[in-house]
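In listed order, ligands and their atoms are each counted from 1.
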Amino acid sequence: MEGTIHILSLSLLLILSLAQAGELTNPKCAKFHQDNNKDSTTLQVLHVNSPCSPLKQQQKYTSWVDNVLQMQSKDTNRLQFLASLVAGRSFVPIGSGRQILQTPSYIVKAKIGTPPQTLMVALDNSNDFSWFPCSGCVGCSSTVFASTKSTTFNNVSCERAVCSLVCNYLVLTSVPKRDCDAGTCTFNLTYGNSNIGGGLSVDTFALSADPVPQFNFGCIRKATGSSAPPQGLLALGRGSLSFMSQADSLYKSTFSYCLPSYKSPNFSGTLRLGPKGQPLRIKTTPLLRNPRRSSFYYVNLVGVKVGKAIVKIPPSALAFNPNTGAGTIIDSGTVFTRLVEAAYTAVRNEFRRRMGRNTTVTSLGGFDTCYTVPITIPTITLMFAGMNVTLPQDNFLIRSSSSTTTCLAMAASPADPVNSVLNVIASWQQQNHRILFDVPNSRVGVAREACS
Ligand SMILES: *[C@@H]1O[C@H](CO)[C@@H](O)[C@H](O)[C@H]1NC(C)=O
Ligand SMILES: *[C@@H]1O[C@H](CO)[C@@H](O)[C@H](O)[C@H]1NC(C)=O
Ligand SMILES: *[C@@H]1O[C@H](CO)[C@@H](O)[C@H](O)[C@H]1NC(C)=O
Ligand SMILES: *[C@@H]1O[C@H](CO)[C@@H](O)[C@H](O)[C@H]1NC(C)=O
Ligand SMILES: *[C@@H]1O[C@H](CO)[C@@H](O)[C@H](O)[C@H]1NC(C)=O
């Protein structure tokens with residue numbers, strides 16, 4: 001279990017040693033801190049703990065094992081959160097004393113207000129409502145949007161239709177409460193273990209050189225707990241309140257990202273907005289809309305191949321079902337792919353079978369298929385409707401550089417708080433791939449790209 005395990009140790013070393021200095025000396029950081037190119041709709045995406053990230057935290061643990069376990073326990077909470085959205089119940093965190101996070105891992109630079117102020121906002125493609133910490137916020141981090149200094153900032157009144165939209169949206173994620181005594185639309189919401197309160201507001205918001213005027217977002221004035229991304233959340237979901245919907249005239253509900261590799265010390269990828277510049281030759285699968293949870297980007301995962309064998313998975317484990325919300329989503333905020341129990345067990349058993357009966361299987365935290373001896377690794381192919389994606393080994397294994405431990409980097413969906421019906425294709429499986437979300441043409445594209 002000990003030993004230097006390269007997947008995170010390199011980044012960990014950098015995070016520990018470069019800390020502040022790295023941000024200034026790394027040429028990629030300089031690029032990141034420059035203003036966005038005049039007509040560029042391609043933004044740099046950083047892992048929140050990248051050397052370039054102003055939000056990076058000292059890693060809590062010095063061993064790879066502990067960091068992986070930490071990442072997976074955060075995942076469990078996000079999975080519970082996503083599953084509860086499907087179930088239409090609010091998320092009640094378990095063990096409230098412990099630090100529970102389901103903060104998305106990737107950040108981009110955004111400009112808000114007039115004159116523009118910079119915030120490092122977290123990408124979340126499974127949420128629709130964006131929010132940022134505002135002036136006077138109690139319990140927020142030190143960097144907030146100084147709404148009082150923006151000449152284009154306004155509170156939204158209760159009478160506006162968008163106030164009802166926000167309330168209807170929050171019904172699914174939080175205790176639905178609208179407080180209109182003061183004439184302005186205010187809300188409380190839960191996000192992981194955080195309680196967040198604020199007011200619905202509008203201001204100019206920009207990711208590229210093209211600002212979105214009158215962008216609706218939540219101005220956070222009170223926050224408790226530790227789950228909220230410190231400088232706010234950029235909602236890239238499919239619903240009508242999301243950034244992509246509000247910026248539809250600019251970007252036509254089309255975007256792609258390439259998430260940087262967890263192995264890369266630079267951790268830099270890209271977010272590309274709009275149909276322009278998207279790959280023309282890319283494998284695609286139909287994008288599905290599930291009214292049970294209209295924010296999510298659902299796709300039809302029809303099977304999984306381990307080596308040449310198509311794993312026998314009960315069809316119900318993968319089936320898309322608009323009545324229950326069951327199916328498969330592509331999520332940027334979960335780290336490791338989760339399949340519903342029956343599907344995961346079948347995939348794992350086939351993977352183990354390929355290793356031969358004499359190879360001892362061990363476990364590591366939430367990973368139950370690990371090996372401490374050299375193994376011959378089969379390929380893994382995710383079979384979507386009309387699109388097979390054969391994953392490079394880095395996308396389905398966690399390996400130690402001393403080759404003491406190799407694990408299958410997937411797990412079963414948690415059984416809490418509801419029996420999960422959701423398969424989640426997560427960021428470990430997406431890294432170094434361009435993922436295209438093309439709503440007008442109802443398709444999701446996947447192409448390998450070495451973006452870090
Ligand atoms: C980051 O990337 C650059 C160029 O891709 C490379 O030269 C450098 O060694 C990498 N690592 C750091 C810590 O900057
Ligand atoms: C918006 O609402 C907040 C909280 O009620 C208040 O402090 C602020 O002055 C309002 N801003 C404007 C521009 O009305
Ligand atoms: C939000 O919660 C605070 C107390 O934490 C309460 O005073 C306020 O009225 C609530 N607002 C809404 C819209 O429920
Ligand atoms: C498995 O181990 C047993 C006992 O050590 C040995 O007799 C057998 O040949 C091994 N089988 C394979 C396929 O390596
Ligand atoms: C995906 O792989 C399966 C099994 O090998 C094959 O039957 C199918 O035609 C492939 N689909 C595409 C779109 O290539």
Problem set entry | Nearest heavy-atom neighbours spanning I329 and S126 | CD1-OG, 4.1 Å
Exercise. If you look at every heavy atom in I220 and C140, which pair is closest and at what distance?
Worked result: CG2-SG, 3.9 Å
Exercise. Within a distance of under 4.0 Å, is there any protein heavy atom near atom 5 (O) of ligand 5?
Worked result: yes
Problem set entry | Side chain proximity check, Q214 to T152, heavy atoms < 4.5 angstrom | no
Exercise. To which of I310, T381, N388, V302 does the heavy atom nearest atom 10 (C) of ligand 5 belong?
Worked result: N388
For this session: Write out the residue and atom name of the closest protein heavy atom to atom 7 (O) of ligand 2, then the distance separating them to 0.1 Å.
Result: R221 NE, 4.8 Å
Seminar exercise, completed: heavy-atom search around atom 13 (C) of ligand 2 in the protein gives F153 CD2, 4.1 Å
Exercise. Taking non-hydrogen atoms only, is K308 closer than 4.0 angstrom to ligand 5 via side chain, backbone, both or neither?
Worked result: neither
For this session: May I ask you to check whether N155 has an N/O atom sitting below 3.5 Å from an N/O atom of ligand 2?
Result: yes
For this session: Return yes when the gap between the SG atoms of C451 and C258 is under 2.5 Å; return no otherwise.
Result: yes
For this session: Compare the SG-SG distance of C134 and C137 against 2.5 Å and report whether it is shorter.
Result: no
